[in-house]
Amino acid sequence: EKVRAIFLWLCTKDLSQMKFDSKSVQPGSPEEILMGIHTGKSTYAQIFLILCRYAQLHCKLLSGYAKGVDYEPGMRFSTRQGEHAWNSVLIDRTWYLFDCHWAARRLVGKEATAENVRYGLDMFYFMCNPTQLVYTHYPFDRDWQLLANKVSLQEFEEFAPVKSGFFKFNLRFVTHREAVIKVTE
């Protein structure tokens with residue numbers, strides 16, 4: 001229940017609207033980390049990690065690629081473009097995946113401007129099903145896919161970039177999981 005409370009608190013806040021008195025904030029404090037959202041020094045994944053550690057939960061920061069707003073079908077990942085961070089938390093001896101950033105807000109449109117950011121909780125990213133999250137998230141350390149059959153980077157790149165709504169409506173791929181389907185005449 002601690003991880004749910006942290007996730008809900010963090011993901012239901014418009015962190016860009018939080019105000020802090022920078023003169024009274026102690027270095028290394030949770031307030032300093034939250035202030036980092038304003039300056040771009042902190043990410044949701046970093047904040048979630050720190051809050052979980054304060055609550056004595058075993059949490060990992062995962063880094064890898066994500067098919068975010070800048071993703072185009074057929075895109076190859078090899079540079080910093082598409083890099084993203086999310087988390088895994090150990091609960092009752094099982095690791096679960098969380099993405100607070102994608103749970104808390106989304107971009108409407110292709111430009112990352114303040115006007116295009118929409119806040120709204122998406123619980124799909126709470127204790128995500130690894131077989132579903134792998135369509136949009138690829139950790140640099142493949143063990144953190146939490147899948148029995150690991151997916152290669154090439155397979156990930158070829159997957160269709162389905163988001164939470166696809167799985168919320170219980171849709172699934174019957175045959176082709178690829179973003180680009182090659183046909184012959």
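This is a predicted model, so every value here is computed, not measured.
Considering only residues two or more places apart in sequence or on other chains, Ala5 meets the side-chain contact (heavy atoms from CB on, under 4.5 Å) condition with none of them. Every residue meeting the salt bridge (Lys or Arg N to Asp or Glu O under 4.0 Å) condition with Arg80, not counting sequence neighbours, appears here in chain and number order: Glu83. For Phe173, the side-chain contact (heavy atoms from CB on, under 4.5 Å) partners at least two apart in sequence or on another chain are Tyr135, Ala160, Val162, Phe166, Arg177. Taking the ring-ring contact (aromatic ring centres under 6.0 Å, His included) definition, one finds that Tyr96 meets it with nothing, sequence neighbours left out. Residues passing the side-chain contact (heavy atoms from CB on, under 4.5 Å) test with Leu90, sequence neighbours excluded: His58, Trp95. A search for side-chain contact (heavy atoms from CB on, under 4.5 Å) contacts involving Thr131 returns Asn129, Leu147, not counting sequence neighbours. Every residue two or more places apart in sequence or in another chain that forms a ring-ring contact (aromatic ring centres under 6.0 Å, His included) with Phe98 is listed here: Phe48, Phe126. Remark: Asp99 engages His84, His137 in a side chain to side chain donor-acceptor pair (under 3.5 Å) (not counting sequence neighbours).
Side-chain heavy-atom separations under 4.5 angstrom define the hydrophobic clusters, and the remaining members of the one that includes Leu49 are Leu61.
The two residues Gly82 and Phe77 make their nearest non-hydrogen contact at CA-CE2, 4.0 Å. Residues Leu153 and Tyr138 approach most closely at N-OH, 3.2 Å, considering heavy atoms. The shortest non-hydrogen separation linking Ala104 to Tyr44 is CB-CE2, 3.7 Å.
Between Tyr125 and Cys100, the closest side-chain pair of non-hydrogen atoms is not below 4.5 Å. Inter-residue side-chain proximity for Val151 and Phe159 is flagged as met; some heavy-atom pair is nearer than 4.5 Å. Residues Leu121 and Phe7 are in side-chain contact: their nearest non-hydrogen atoms beyond the backbone lie under 4.5 Å apart.
Legend: salt bridge (charged side-chain N to carboxylate O under 4.0 Å, His left out) pairs involving residues 138-160, not counting sequence neighbours, sorted by first then second residue: Arg76-Glu157. Applying the salt bridge (charged side-chain N to carboxylate O under 4.0 Å, His left out) rule to pairs touching residues 160-170 yields Asp122-Lys168, sequence neighbours excluded. Residue pairs satisfying the salt bridge (charged side-chain N to carboxylate O under 4.0 Å, His left out) criterion with at least one member in residues 53-71, sequence neighbours excluded, are absent.
Taking CD from Gln132 and CG from Leu97, the interatomic distance works out to 11.5 Å, rounded to the nearest 0.5 Å. Summarising the geometry, atom CD belonging to Gln145 is positioned 8.5 Å from atom OG belonging to Ser152; distances are rounded to the nearest 0.5 Å. With rounding to the nearest 0.5 Å, the separation of CD in Glu1 from CD1 in Ile91 is 9.5 Å. With values rounded to the nearest 0.5 angstrom, Asn87 atom CG is found 10.5 Å from Ile6 atom CD1.
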